[in-house]
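For ligands, and for the atoms within them, numbers begin at 1 and follow the listed sequence.
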Amino acid sequence: MSQFLVISRDDAFVDRVSDAVGGDLDHWSDPALPADPGVLFSVSRDGFRPDVVILSPDLSIADGLTIASALDAAHPEITVLLVRPVERGLPVAAMRAGIRDLVAPGIDDVEFRDLLRRAARAAADRRAAAGLQDADGERRSTRGRVVVVLSPKGGAGKTTVATNLAVGLAATAPQSTVLVDLDLQFGDVAHTLQLAPEQTLSEAVGRAAARDTMVLKSYLSAHPSGLFALCAPDSPADESQITAADITHLIDQLAAQYSWVVVDTDAGLSAATLAALDRATDHVFVGGTDVPSVRGLRKELDILRQLGLVPAHRHVVINNSDTRDGLSQQDIETTLGHKADVVVPFSRSVRLSTNRGVPLLQAGTRDKAGRNLRQLVRRFEPPVPKSRPTSTARHRKGAS
Ligand SMILES: Nc1ncnc2c1ncn2[C@@H]1O[C@H](COP(=O)(O)OP(=O)(O)OP(=O)(O)O)[C@@H](O)[C@H]1O
Ligand SMILES: [Mg+2]
């Protein structure tokens, strides 16, 4: 069962959260917040560790950001939500403090309940990815991580990022990484990896493979890097036969068999992409440094949030960055309300690698673009679980 902790001195707010989570709530009401966030967890019982911490509007911004930063440093798997009206500078400060979402105090009850449920699921996914025990002390089943690479615009570098990421992950998990080309009409993963697939996604969603995962596995194409690929259909016309439900089932099958399922997509939010995003543990957004690209990315982030498609991990890659003409990294981050996690500069080596069908990380290219694509791969290495600071367990503010 998920665990929620609310930090608030406002009983009405605590009751509201309690109603939204069906009473499964712990509550910290002491005005003095501990420097050691572990002390917060001793509110009701030993060994308690929340999935979601909700910071109430009655906390000062400074207190909220301080406790959020401390939680983020010691327990990055916990989802921290700040309930507060948006004001100038707050989204960026909240993002830097590791707050996952800013929630309007006037949010309607149903939306609030859904948001808390998603926040708990995201925390559980992060816990599973980090190999930590969940709130009930159980290790979760080992479903692979599903990493969807997306962009609102064509040509932003999705396939470049997806293929390099998949090759990089395959180096750490050979035979356990699969790349799926969900650009169903014009996918070019096969070309980018120099593969000549006998079977493609059209066959992979057919009855035989959908029923039997061994059949599905036999439809994958092996790449010399240790990666498997499921390439897009040969003919754009085949796309119309593939439904969102097919994609959901396919991804679930693959995630049950492989540690990493990397998904390349077409531009925008097609039904296939949305189906994949819904199963994803990670969204990798790819955008450029020009104004339309950054605005498009912002819109895409907003839409997914409105749709409730907020995964455990989000990564923003600014590709083809051009320091002379493009927006500055700071302007991009302010517009997006999200950090630019990886910045890949324009590089002729990338273009050459696409044309040759050998991803940079396969060729071992060491220019800045190659180094920064490697930096993206490193973001997926599971964090070393941090040891929990010993709690002095002085405060016991049991749930009221
Ligand atoms: N950092 C970069 N430097 C130089 N060229 C790049 C860079 N990133 C991508 N490219 C080139 O831009 C072109 C488009 O890249 P890519 O195919 O990865 O984009 P995409 O988003 O997948 O496009 P589509 O929407 O058509 O699928 C390719 O020729 C690729 O080599
Ligand atoms: Mg592409």
Side-chain angles (χ1 to χ4, degrees), residues 147-168 179-195 197 200-201 221 223 227 229-236 239 247 262-274 276-277 283-290 292-297 299-301 315-327 329 332 340-377:
V147 184
V148 177
V149 181
L150 73 159
S151 164
K153 308 274 183 194
K158 296 177 292 298
T159 303
T160 302
V161 167
T163 47
N164 279 288
L165 177 58
V167 165
L179 172 62
V180 180
D181 192 349
L182 264 200
D183 185 351
L184 297 177
Q185 286 201 315
F186 300 109
D188 45 14
V189 162
H191 168 262
T192 311
L193 294 177
Q194 285 191 72
L195 295 170
T200 69
L201 220 134
S221 307
H223 183 257
L227 168 72
L230 186 51
C231 299
D234 287 333
S235 155
E239 181 231 3
I247 302 299
V262 180
V263 183
D264 186 19
T265 61
D266 54 0
L269 296 170
S270 63
T273 299
L274 285 169
L277 290 169
H283 295 177
V284 178
F285 294 88
V286 183
T289 52
D290 55 300
S293 175
V294 176
R295 291 182 64 173
L297 209 54
K299 219 171 175 177
E300 192 166 54
L301 282 158
H315 317 259
V316 169
V317 177
I318 300 302
N319 185 36
N320 252 322
S321 88
D322 176 352
T323 45
R324 288 162 307 169
D325 304 326
L327 290 175
Q329 186 169 337
I332 293 171
D341 297 303
V342 175
V343 178
V344 182
F346 171 85
S347 158
R348 288 186 58 229
S349 68
V350 177
R351 196 145 289 187
L352 207 63
S353 75
T354 305
N355 293 339
R356 283 193 178 145
V358 182
L360 282 197
L361 297 202
Q362 184 187 353
T365 310
R366 298 226 152 255
D367 71 350
K368 188 148 192 231
R371 285 203 305 276
N372 293 6
L373 284 165
R374 244 175 232 107
Q375 185 196 336
L376 174 65
V377 177

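For the pair Asp264 and ligand 1, the shortest N or O to N or O distance does not fall below 3.5 Å. At a 3.5 angstrom cut-off on N or O pairs, Ser347 counts as close to ligand 1. Ligand 1 has an N or O atom lying under 3.5 Å from an N or O atom of Gly157, backbone or side chain.
Here Gln329 pairs with Glu333 under the side-chain hydrogen bond (donor to acceptor under 3.5 Å, both in side chains) rule; sequence neighbours left out. Evaluation of the side-chain hydrogen bond (donor to acceptor under 3.5 Å, both in side chains) rule for Asp367 yields Ser347, Ser349 as partners, not counting sequence neighbours.
Put simply, Thr160 stays out of reach of the Mg ion (ligand 2), with no N, O or S atom under 2.8 Å from it.
Looking at atom 2 (C) of ligand 1, its nearest protein heavy atom turns out to be Asn320 OD1, 3.4 Å. In terms of protein heavy atoms, atom 30 (C) of ligand 1 is closest to Thr354 OG1, 3.5 Å. Atom 7 (C) of ligand 1 has its closest protein heavy atom at Val350 CG1, 3.3 Å.
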Exercise. Begin with the C-alpha distance, continue with both residues' side-chain angles, and end with the deciding distance and a verdict on side chain to side chain contact (heavy atoms under 4.5 Å, CB included) for Leu269 and Leu150.
Key: CA-CA 8 Å; Leu269 296 170; Leu150 73 159; 4.1 Å; yes

Quiz item: Would Leu182 and Leu184 satisfy side chain to side chain contact (heavy atoms under 4.5 Å, CB included), going step by step from the backbone distance to the final call?
Solution: CA-CA 5 Å; Leu182 264 200; Leu184 297 177; 4.0 Å; yes

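Here NE2 of His191 is found 6.5 Å from CG of Asn355. Values are rounded to the nearest 0.5 Å. A distance of 7.0 Å separates CG of Asp264 from CG of Asp188, quoted to the nearest 0.5 Å.
Closest of all the heavy-atom pairs between Pro152 and Val286 is CD-O, 4.4 Å. Minimum heavy-atom separation, Pro359 to Thr192: CD-O, 3.9 Å. Taking each heavy atom of Ala369 and Val350 in turn, the nearest pair found is CB-CG2, 3.8 Å.
Heavy atoms of Ser151 found under 4.0 angstrom from ligand 1: none, in either backbone or side chain. In Asp183, the part holding a heavy atom less than 4.0 Å from any atom of ligand 1 is the side chain.
There is a protein heavy atom less than 4.0 angstrom from atom 4 (C) of ligand 1.
Between Glu300 and Lys153 there is no side-chain heavy-atom pair separated by less than 4.5 Å.
Below 4.0 Å from some heavy atom of Gly154 lie the following atoms of ligand 1, by number and element: 25 (O).
Heavy-atom separations between Gly155 and ligand 1 include at least one value shorter than 4.0 Å. At least one heavy atom of Ala156 lies less than 4.0 angstrom from ligand 1. The shell of residues lying under 4.0 angstrom from ligand 1, judged by heavy atoms, includes Pro345.
When Lys158, Arg351, Gln185 are ranked by how near their heavy atoms come to atom 21 (O) of ligand 1, first place goes to Lys158. With distances taken over non-hydrogen atoms, the option nearest atom 8 (N) of ligand 1 out of Asn319, Thr160, Thr159, Asn164 is Asn319.
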